[in-house]
Amino acid sequence: MQKLPRSFYTQRTLTVAKELLGKIFIHKIGRRSISGMIVETEAYLFNDPASHSFRGLTERNRPMFYTGGFLYVYFTYGMHYCANIVTFKEGIGEAVLIRAVEPIDGIGAIITNRHTDVRHFKGVRHLHSLTNGPAKFAEAFSLTKEHNGIDLCEDEIFLTKGKNVSSSKIVTTTRIGISAATEKKWRFYIKDSAWVSKK
DNA sequence: TCCACGATCGGCT
DNA sequence: GCCGATCGTGGAG
């Protein structure tokens with residue numbers, strides 16, 4: 001399966017956020033890989049008070065200012081990582097947060113990754129809870145600060161075409177967990193998917 | 001140097 | 001529905 005090219009990621013951010021639905025996210029670890037279909041995304045734009053890039057370039061948000069097709073992984077709440085796909089042009093500072101995926105390959109590894117702390121075990125009793133949230137996705141797919149700034153046009157972490165999601169299957173809503181620009185409808189998910197973080 | 005806060009999650013009421 | 005965990009970041013002073 002062919003990797004998505006740079007030209008996919010350098011489109012307008014809101015376009016990429018919608019088009020990412022149905023795409024396959026793949027992380028190759030040694031000879032194995034973990035993969036899943038993206039079912040929920042959120043866009044963060046350059047003039048967006050909810051975006052990490054809003055106050056300009058800093059050490060933390062540097063990858064957001066790369067050209068489209070890089071990964072931006074950040075650490076939050078003292079314990080979680082979240083992964084974004086950088087979009088649009090170099091120097092702008094836009095990205096799409098991956099909020100949920102439907103597991104495809106490497107389910108065993110996903111379960112292991114999500115069970116590393118026994119205290120979390122009870123929360124993973126239902127399969128959909130493995131990857132229905134941005135920090136759950138990052139943990140399930142072993143995405144940490146090591147992967148911050150990685151190029152998705154290389155061979156370790158990349159996306160493939162997956163399935164086409166018609167626009168009638170895309171639900172558009174406000175974003176979750178933010179305190180600014182709460183009125184912007186920049187969250188997208190696949191209607192009827194059991195794997196989204198919240199209806 | 002200090003310190004408030006966060007694109008979350010899981011457990012508890 | 002609410003709350004605590006836990007720490008890197010960056011704005012303030």
Side-chain angles (χ1 to χ4, degrees), chain A residues 9 13-14 16-18 20-21 25 36 38-66 68 70-88 92-103 110-150 152 157 171-190 194-199:
Chain A
Y9 302 104
T13 297
L14 292 173
V16 179
K18 282 178 270 195
L20 278 170
L21 298 176
F25 188 104
I38 297 171
V39 300
E40 181 181 350
T41 62
E42 276 178 3
Y44 288 86
L45 275 53
F46 81 99
N47 57 349
D48 170 8
S51 173
H52 290 175
S53 63
F54 185 60
R55 293 170 196 282
L57 176 70
T58 66
E59 267 315 300
R60 179 203 205 194
N61 65 24
R62 182 179 298 284
M64 282 191 82
F65 290 85
Y66 294 174
F70 285 77
L71 202 63
Y72 167 49
V73 183
Y74 67 88
F75 184 65
T76 192
Y77 291 104
M79 61 185 83
H80 299 301
Y81 289 100
C82 293
N84 296 253
I85 290 173
V86 178
T87 50
F88 207 43
I92 306 294
E94 300 195 343
V96 175
L97 175 69
I98 306 301
R99 286 198 57 91
V101 306
E102 175 177 334
I110 288 174
I111 290 171
T112 301
N113 292 341
R114 293 280 287 124
H115 283 189
T116 46
D117 188 331
V118 180
R119 286 172 299 176
H120 294 161
F121 187 82
K122 282 182 72 181
V124 189
R125 55 191 184 272
H126 296 114
L127 208 52
H128 67 261
S129 70
L130 287 170
T131 54
N132 63 347
K136 294 180 186 180
F137 161 69
E139 185 176 58
F141 278 64
S142 283
L143 301 173
T144 69
K145 60 186 175 199
E146 291 172 50
H147 309 287
N148 188 33
I150 214 167
L152 300 176
I157 301 173
V171 181
T172 301
T173 68
T174 53
R175 295 173 291 181
I176 291 176
I178 53 169
S179 52
T182 53
E183 77 289 354
K184 302 291 187 191
K185 292 187 169 180
W186 291 342
R187 172 173 174 248
F188 308 96
Y189 66 85
I190 298 180
W195 301 87
V196 299
S197 65
K198 183 183 167 199
K199 280 183 258 178

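Chain A is the first sequence line, chain B the second, and so forth, proteins listed ahead of strands; every chain is numbered from 1.
Stacking of A/Arg60 on the aromatic ring of A/Tyr72 is not recorded, the 6.0 Å distance cut-off and the 45° axial limit not both being met.
Distance from the side chain of A/Asn84 is smallest for B/dA7 among the nucleotides B/dC9, C/dG10, B/dA7. Comparing B/dG6, C/dT6, C/dG10 against the side chain of A/Ser179 picks out B/dG6 as the nearest. When distances are taken from the side chain of A/His52 to each of B/dA7, C/dG10, C/dA5, the shortest belongs to B/dA7. Minimum atom distance to the side chain of A/Arg55 is reached by C/dG11, of the listed C/dG8, C/dG10, C/dG11. If you check C/dG10, B/dT8, B/dA7 against the side chain of A/Ala135, the one that comes closest is B/dT8.
The gap from the C1' atom of C/dC3 to that of B/dC5 amounts to 16 Å, rounded to the nearest Å.
Phosphate proximity of B/dA7 to A/Arg187: absent, as no side-chain N or O sits under 4.0 Å from OP1 or OP2. For the OP1/OP2 pair of C/dG8 and a distance below 4.0 Å, the side-chain nitrogens and oxygens of A/Lys145 include no atom meeting the criterion.
A stacked arrangement is not assigned to A/Tyr77 and the six-membered base ring of C/dA5, the conditions of a centre distance below 5.5 Å and an interplanar angle below 30° not being jointly met.
Counting non-hydrogen atoms of neighbouring residues, nucleotides and ligands closer than 6.0 angstrom, the CZ atom of A/Phe75 exceeds 12 such neighbours.
Remark on DNA chain C: of its neighbouring residues A/Thr58 and A/His80, the 5'-side contact belongs to A/His80, judged by nearest-heavy-atom nucleotide.
In this structure, A/Arg114 pairs ionically with A/Glu139, as a charged nitrogen and a carboxylate oxygen lie closer than 4.0 Å.
Taking the six-membered ring for Trp and thresholds of 30 and 60 degrees, A/Phe137 and A/Phe141 have ring planes inclined between 30 and 60 degrees apart.
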